[in-house]
Amino acid sequence: MSDNFAFILLNWYAKNKRSLPWREEKNPYKIWISEIILQQTRVSQGLNYYIRFIERFPSISSIYEAGEQEVLKYWQGLGYYTRARNIYAAAVYLMENYQGKFPTTYNEILKIKGIGEYTAAAIASFAYQLPYAVIDGNVLRVLSRIFGVYEPIDSTKGKKEIRQLANKLMCKKNPSAFNQAIMDFGATQCAPANPDCKNCCFSNVCYANLHYEQTELPVKTKKIKTRNRYFYYFHISYQNKIYIQKRKSKDIWKGLYEFPLLELDETIDCEKLIAHPAVQNLFTNLNWEILSVSSTYKHILSHQTIIAVFINISVDKAINNADFIPISFDRIADYPISRLMEKYLEKITVMS
DNA sequence: AACACGGGGCG
DNA sequence: CGCCCAGTGTT
């Protein structure tokens, strides 16, 4: 079975591979961008981002010249914004150390910020046919099921076991096709839920299929715990201007812009909010009033749920705070913002 | 080794 | 509502 695994897989791939813009790509730059976009992101979600990104940034130097904020703008809505900031940092690194050319060895590629073992193997194999097996969610699932690996795939030991298996099975004649094939196979045939075992080329040898263990494999141990956060956003109007600020802390949405806010770990009623020291401090030395407390959003994410309350406030003087950027309302489109801010702005734009 | 990091889709 | 997705960096 181990002997002809690659043969069966590549035969399946020849008949069933998906047509994708980066599929036959040999340009390491484009492969890099596609791989970063597809980290923890489905093809259907990332496809248009890839097309628009390559259009706007056709080369490493174009990223270098555009700056981090422009890259974040093209990442807006995709999530995991560290990826975008790392792309910019990596572009600077590649301009300064490699004259804007992508390095050609696995170890050099691995040194680039935002590129880990998976992405380094993907670029090395797709662009240069180097024999490094990719280990992603698909590979972990596919090999765990076919070979009956019960070691948890979110443990170091489980990953190591799968990696050794993958490197043994890899088609050394065509690492690029082998890697893309096993991931396409995982994405379409051996899907996480409801895998199509009836029409599978491995149905007669697959451990999970033969033992009806498809829903048990792969094994995972860690469970994600979530917390609630309460964001009180101030939509402040002053002389046809609004205030925004950049998120700088090591936290969600770092580098994106938003309204000034008070964050709490529990709900608070309106009178308490007005009396809150942080709010009082925000509006010192000026007259202000709450126009409305209308929009409330429950923004559910993987590790946290953000309950956001948007409060419309008018002030009679400019707010003196170095972090606040006064802009006219329609210029907010120039700044990268979160989906939560997008939803709010969309709603009030429709209303007006 | 555990955790944080987004957003969307699916059962 | 929980799980998953062409994972990586930090602690």
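Naming convention: chains lettered A, B, ... in sequence-line order (proteins, then strands); numbering from 1 in each chain. As a basis for the values below, the full set of heavy atoms in this structure was taken, side chains included, without hydrogen atoms, waters or symmetry mates.
The nearest whole Å value for the distance from the NZ atom in A/Lys222 to the P atom in B/dC3 is 8 Å. Between A/Asp154 atom CG and C/dG7 atom P the separation is 15 Å, expressed in whole Å. In this entry the distance linking CD1 of A/Ile182 with C1' of C/dA6 reads 12 Å, nearest Å. At whole-Å resolution of the value, CD1 in A/Ile37 and P in C/dG7 are 13 Å apart. Here C/dA6 presents its C1' atom at 7 Å from CZ of A/Phe126, a figure rounded to the nearest Å. Whole-Å rounding puts the A/Ile306 CD1 to B/dC5 C1' distance at 11 Å. Here C/dA6 presents its C1' atom at 10 Å from CG of A/Asn179, a figure rounded to the nearest Å. Between A/Lys250 atom NZ and B/dC5 atom P the separation is 10 Å, expressed in whole Å.
Distance noted for atom P between C/dA6 and B/dG11: 15 Å (whole Å). B/dC5 sits 15 Å from C/dC4 when the C1' atoms are compared, rounded to a whole Å. Nucleotides C/dT10 and B/dG6, compared at atom P, are 14 Å apart to the nearest Å. For the P atoms, the distance linking B/dG8 with C/dT8 amounts to 22 Å, nearest Å.
Among the nucleotides B/dC3, C/dA6, B/dA2, the one closest to any side-chain atom of A/Arg141 is C/dA6. In this structure, of C/dT11, B/dC5, C/dT8, it is C/dT8 that holds the atom nearest to the side chain of A/Tyr118. When distances are taken from the side chain of A/Lys113 to each of B/dC3, C/dC1, C/dG9, the shortest belongs to C/dG9.
As judged by a 4.0 angstrom heavy-atom cut-off over every strand, A/Thr119 is placed among residues touching the sugar-phosphate backbone only. Nucleic acid contact for A/Gln304: sugar-phosphate only, since backbone atoms but no base atoms lie under 4.0 Å from a heavy atom of the residue.
Under the 4.0 Å criterion applied to side-chain N and carboxylate O atoms, A/Arg56 and A/Glu70 are assigned as salt-bridge partners. We find that A/Arg339 and A/Glu342 are joined by a salt bridge, their nearest charged nitrogen and carboxylate oxygen being less than 4.0 Å apart. Salt-bridge annotation for A/Asp136 and A/Arg141: absent, with no side-chain N of the basic residue lying under 4.0 Å from a carboxylate O of the acidic one.
The aromatic ring centres of A/Tyr49 and A/Trp75 sit 6.0 Å or more apart. Annotation: A/Tyr297 is not in aromatic contact with A/Phe231 [ring centroid separation under 6.0 Å not met]. Proximity of the aromatic rings of A/Phe310 and A/His235 is defined here by a centroid distance below 6.0 angstrom, and this criterion is not met.
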_Base contacts versus sugar-phosphate-only contacts with protein, heavy atoms under 4.0 Å: please encode nucleotides 6-11 of chain B as B, S and - from 5' to 3'._
BBB--S
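Using a 4.5 Å heavy-atom cutoff, the side chains of A/Tyr233 and A/Ile311 are not in contact.
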*asked:* As a quick check of understanding, evaluate side-chain hydrogen bond (donor to acceptor under 3.5 Å, both in side chains) for A/Gln39 and A/Arg83, giving each step before the final call.
replied: CA-CA 9 Å; A/Gln39 284 170 5; A/Arg83 294 182 293 175; 5.1 Å; no
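Here A/Lys17 pairs with A/Glu24 under the salt bridge (charged side-chain N to carboxylate O under 4.0 Å, His left out) rule; sequence neighbours left out.
Within residues 14-22 of chain A, no residue has any heavy atom closer than 4.0 Å to DNA chain B.
Of the two residues contacting DNA chain C, namely A/Gly114 and A/Arg23, the nearest-nucleotide position lying further toward the 5' end is that of A/Arg23.
Annotation: cation-pi pair A/Arg85/A/Tyr81 absent, no NZ/CZ under 6.0 Å from the ring centroid and within 45° of its normal.
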